[in-house]
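Since the model is a prediction, treat every value here as computed from it, not as a measurement. Residue numbering restarts at 1 for every chain, and letters A, B, ... go by the order of the sequence lines.
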Protein chains: 2
Amino acid sequence: MTEPAPRGRSAGRPKRPPTIIDVAAEAGVSRGTVSRVLQGGHNVSPAALEAVNAAIKKLGYVVNLAARSLVTQRSGSVAFLLTEPQERFFEDPNFTTLLRGCTAALAEHDIPLMLMTAGNEPERRRVIRYLAAGHVDGVLLVSSHTGNPMLEQLRQAELPVVSCGKPLGHRGRLAYVAADDKEGAKEMVRHLIDTGHRRVATITGPQDTPGGVERLYGYREVLAEYGIPYDEQLVAVGDYSRAGGEAAIERLLGQAPDLDAVFVASDLMADGALTALERAGRSVPGDVAVGGFDDSSVAATARIPLTTIRQPWDRISEEMVRLLLAQIAGEEPATVILPTELVIRDSA
Amino acid sequence: MTEPAPRGRSAGRPKRPPTIIDVAAEAGVSRGTVSRVLQGGHNVSPAALEAVNAAIKKLGYVVNLAARSLVTQRSGSVAFLLTEPQERFFEDPNFTTLLRGCTAALAEHDIPLMLMTAGNEPERRRVIRYLAAGHVDGVLLVSSHTGNPMLEQLRQAELPVVSCGKPLGHRGRLAYVAADDKEGAKEMVRHLIDTGHRRVATITGPQDTPGGVERLYGYREVLAEYGIPYDEQLVAVGDYSRAGGEAAIERLLGQAPDLDAVFVASDLMADGALTALERAGRSVPGDVAVGGFDDSSVAATARIPLTTIRQPWDRISEEMVRLLLAQIAGEEPATVILPTELVIRDSA
DNA sequence: CTGAAAGCGCTTACAG
DNA sequence: CTGAAAGCGCTTACAG
């Protein structure tokens with residue numbers, strides 16, 4: 001066993017790990033050759049390659065990322081940036097699902113994910129400073145509100161970015177991954193109508209988010225398809241929160257007491273609607289059929305398991321990571337739209 | 001406006017930002033002086049300090065962390081490490097709360113958080129390699145199961161670690177932050193008894209977790225206090241999941257149909273118990289009072305808002321970060337136990 | 001295929 | 001208080 005001689009060191013600092021020089025000495029080659037092996041072993045003789053790999057193993061060598069970054073001008077890490085207020089983010093199960101998926105997808109490439117939140121102006125400034133300084137190679141941007149002030153700054157910093165959901169109000173190419181919101185909405189509304197409902201209401205997302213807009217489009221298109229007139233009394237705008245869903249359904253019940261179904265643009269809002277419907281004495285799906293959107297974790301555990309539209313979160317995160325790495329590698333920003341799927345449970 | 005001259009660069013790479021040399025030239029001082037200003041401005045004349053700060057501002061200079069890390073042998077970042085299977089983690093609202101709190105607390109110090117999960121053996125190996133290579137300065141460890149295999153490896157890597165919850169089965173000093181599980185449990189069980197309940201059951205956490213063990217201790221101690229004999233039929237072991245809570249209460253209902261209250265060691269399990277109780281036709285809190293633990297986000301939104309014990313998550317994350325930074329600075333590992341609080345809602 | 005050497009951008013004793 | 005210089009650990013043309 002060749003233990004590196006322990007050196008004296010100050011409080012709690014780990015011992016100096018072996019460097020490329022130690023490996024080179026052990027393998028009997030130059031540092032350049034060791035480095036080439038590290039880069040993939042091109043232009044290295046089989047013998048040298050073997051010797052270096054053996055030395056690496058023997059010494060337990062691990063590359064020093066700071067040194068590598070300094071010369072390559074790449075950090076080797078990626079930011080997961082939330083521009084929503086934190087509370088909002090962490091209330092929404094979709095976000096956590098996405099975070100999990102992205103962490104896993106990046107781990108495949110041995111790229112660590114840096115979690116950053118920027119819900120207010122000082123945070124935004126700090127984050128932009130940090131990102132613009134080149135401390136990450138790219139950004140997975142989560143937040144879909146229009147006029148996101150960070151988008152422009154990110155663009156100026158010329159940092160590769162992939163957005164989750166279509167970035168509204170942003171001219172210029174920006175890579176994004178999204179589920180097919182409009183088609184998903186259409187599928188749900190058709191399901192509601194096909195199961196005999198005629199007064200189909202909707203609770204939309206905020207109208208400055210793609211999901212808010214697109215899912216409403218889908219609702220209107222299907223109405224038109226079926227020759228059902230569009231009735232404003234059947235539309236309430238929500239905010240994607242549980243409380244918002246509760247409030248919205250109460251408004252609808254006031255405006256259009258005869259509604260017999262409601263398409264809710266998120267499961268979390270649908271869960272809120274369920275509470276209010278129960279309180280109002282309306283049974284689900286008997287009196288009112290409720291269709292959600294997302295198939296997030298609340299869908300299955302809601303008091304009445306939700307019929308909903310599944311967003312393929314795993315694929316969304318995979319595609320986001322794939323697109324980001326491609327951009328980092330020099331490719332042009334691209335867009336990916338993924339299909340949704342109707343999941344039938346009890347609520348409709 | 002002094003725009004740095006744009007240089008040619010390959011696909012999508014950001015322009016080379018100004019370095020300390022540019023700042024030194026602009027300020028008319030040496031690089032050493034600029035660096036000293038960056039380090040806090042000690043031993044720098046007011047005039048030089050001002051000139052350097054002006055130059056930094058003018059040039060939009062941001063320190064290159066890779067270069068700094070290379071010389072300081074510090075990464076400037078910290079890992080948030082989950083050793084639970086990912087599903088478990090992301091189902092549990094406590095974890096997300098903790099993640100949010102730690103991100104915020106670290107952001108105060110401008111330290112990015114690297115999210116890493118290690119739910120299986122290959123992941124553990126990869127993560128340990130990464131951490132041992134010195135890519136982070138310390139680890140916030142989240143997972144409280146006994147015999148966590150990473151603990152020993154982390155110790156060998158001599159990396160500062162702070163655990164969330166007391167690490168069971170680990171000899172030697174290891175810093176941790178925890179709520180006072182036993183006292184919290186006692187407060188809840190006393191509340192249950194004081195409100196007239198006599199057949200108080202409990203659903204515990206896994207017995208290889210501190211919360212699982214300590215909260216059960218608390219339950220037993222209060223029984224003893226009140227001279228109530230301990231009855232094994234009133235105890236079911238859960239796994240902190242919603243489904244586990246559901247199954248546990250069903251077992252209890254079978255073993256001890258006369259139970260009139262149950263102390264559940266987590267809100268998520270309590271939420272599951274609520275479902276099963278409703279199905280069994282038992283009203284809450286009328287037939288069965290239900291007390292939870294955590295005051296996590298499910299507590300308020302459960303079908304019957306949960307009376308529970310609040311864990312001070314914000315303070316827990318703050319203290320974890322504080323302790324970790326202290327250790328990184330060379331202090332010895334310490335322990336912090338935080339008080340809990342009874343939160344009365346509808347379920348008991 | 002391989003080695004010698006420059007250079008990435010900073011920090012930190014060391015003199016003065 | 002300040003400058004000159006070494007050095008952190010790697011990568012990458014450049015010769016050969």
Side-chain angles (χ1 to χ4, degrees), chain A residues 4 7 9-10 13-53 55-56 59-76 132-135 137, chain B residues 4 7 9-10 13-53 55-56 59-76 132-135 137:
Chain A
R7 311 188 199 170
R9 53 221 173 59
S10 50
R13 300 293 294 285
K15 47 171 103 46
R16 212 56 91 97
T19 74
I20 208 178
I21 299 193
D22 303 315
V23 175
E26 176 74 32
V29 299
S30 73
R31 294 143 62 201
T33 299
V34 174
S35 184
R36 272 171 223 119
V37 171
L38 259 27
Q39 302 311 309
H42 305 301
N43 293 358
V44 176
S45 69
L49 192 134
E50 195 174 344
V52 170
N53 280 140
I56 286 176
L59 266 29
Y61 170 79
V62 185
V63 67
N64 178 319
L65 255 35
R68 174 179 285 175
S69 286
L70 186 55
V71 30
T72 61
Q73 303 286 336
R74 291 235 173 126
S75 75
H135 297 331
D137 295 334
Chain B
R7 314 190 194 170
R9 52 223 174 55
S10 50
R13 301 292 293 285
K15 47 173 99 58
R16 210 56 90 96
T19 74
I20 208 177
I21 298 192
D22 303 316
V23 175
E26 175 74 32
V29 299
S30 73
R31 293 144 61 202
T33 299
V34 175
S35 184
R36 271 170 224 119
V37 171
L38 258 28
Q39 302 310 308
H42 306 299
N43 293 359
V44 176
S45 69
L49 191 133
E50 195 175 344
V52 170
N53 279 140
I56 286 176
L59 266 30
Y61 170 78
V62 185
V63 66
N64 178 319
L65 256 33
R68 174 180 283 175
S69 286
L70 185 55
V71 32
T72 60
Q73 302 287 336
R74 293 237 171 122
S75 75
H135 298 332
D137 295 334

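- Between C/dC14 and C/dC10, the two P atoms lie 24 Å apart (nearest whole Å).
- The CG-P distance, from A/Leu70 to D/dG7, rounds to 17 Å in whole Å.
- For D/dT11, the OP1/OP2 oxygens have no side-chain nitrogen or oxygen of A/Gln73 closer than 4.0 Å.
- In this structure, B/Asp22 contributes its side chain and B/Thr19 its backbone to a donor-acceptor pair below 3.5 Å.
- Using a 4.0 Å heavy-atom criterion, one finds that A/Leu38 contacts the sugar-phosphate atoms exclusively.
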What does the list of N/O pairs under 3.5 Å between the protein and nucleotides 1-4 of chain D look like, with a distance for each?
residue : atom : partner : partner atom : Å
D/dT2   : OP1  : B/Ser45 : OG           : 2.6
D/dT2   : OP2  : B/Ser45 : N            : 2.8
D/dT2   : OP2  : B/Ser45 : OG           : 3.4
D/dG3   : OP2  : B/Ser30 : N            : 3.1
D/dG3   : OP2  : B/Ser30 : OG           : 3.0
D/dG3   : OP2  : B/Thr33 : OG1          : 2.8
D/dG3   : N7   : B/Arg36 : NH2          : 3.1
D/dG3   : O6   : B/Arg36 : NH2          : 2.6

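- Distance A/Asn64 CG to C/dG9 C1': 14 Å, rounded to the nearest Å.
- For the OP1/OP2 pair of C/dC10 and a distance below 4.0 Å, the side-chain nitrogens and oxygens of B/Gln39 include no atom meeting the criterion.
- Separation of the P atoms belonging to D/dA5 and D/dC1 is 23 Å when rounded to the nearest angstrom.
- Atom-to-atom, CZ of A/Arg74 to C1' of C/dG9 comes out at 18 Å; the value is rounded to the nearest Å.
- Considering all non-hydrogen atoms of both residues, A/Gln39 and A/His42 come closest at O-CD2, 4.3 Å.
- Look at A/Ser35 and you'll find a side-chain N or O under 4.0 angstrom from OP1 or OP2 of D/dT11.
- For the atom pair A/Leu49 CG and A/Asn43 CG, the distance stands at 11.5 Å (nearest 0.5 Å).
- B/Asp22 places its CG atom 9 Å from the P atom of C/dC10, with the value rounded to the nearest Å.
- If you measure from atom CD1 of B/Ile20 to atom C1' of C/dG7, you get 16 Å, rounded to the nearest angstrom.
- Between the NE2 atom in A/His135 and the OG atom in A/Ser69 there is a gap of 11.0 Å [rounded to 0.5 Å].
- Using a 4.0 Å heavy-atom cutoff across all strands shown, B/Val34 reaches no nucleic acid atom at all.
- Across every strand in view, D/dA4 sits unpaired, with no contact that passes the Watson-Crick or G-U test at under 3.5 angstrom.
- For the atom pair A/Leu65 CG and A/Leu70 CG, the distance stands at 12.0 Å (nearest 0.5 Å).
- Regarding A/Tyr61, its OH atom lies at a distance of 10 Å from the P atom of D/dG9, rounded to whole Å.
- Taking all atoms of both residues into account, the shortest heavy-atom contact from B/Asp137 to B/Gly76 is OD2-N, 2.7 Å.
- C/dA13 is unpaired under the criterion used here, namely a Watson-Crick or G-U wobble arrangement in which both key atom distances are under 3.5 Å.
- Note that the CZ atom of A/Arg31 and the CG atom of A/Leu38 stand 13.0 Å from one another [nearest 0.5 Å].
- Distance CG (B/Leu59) to P (C/dG9): 14 Å, rounded to an integer number of Å.
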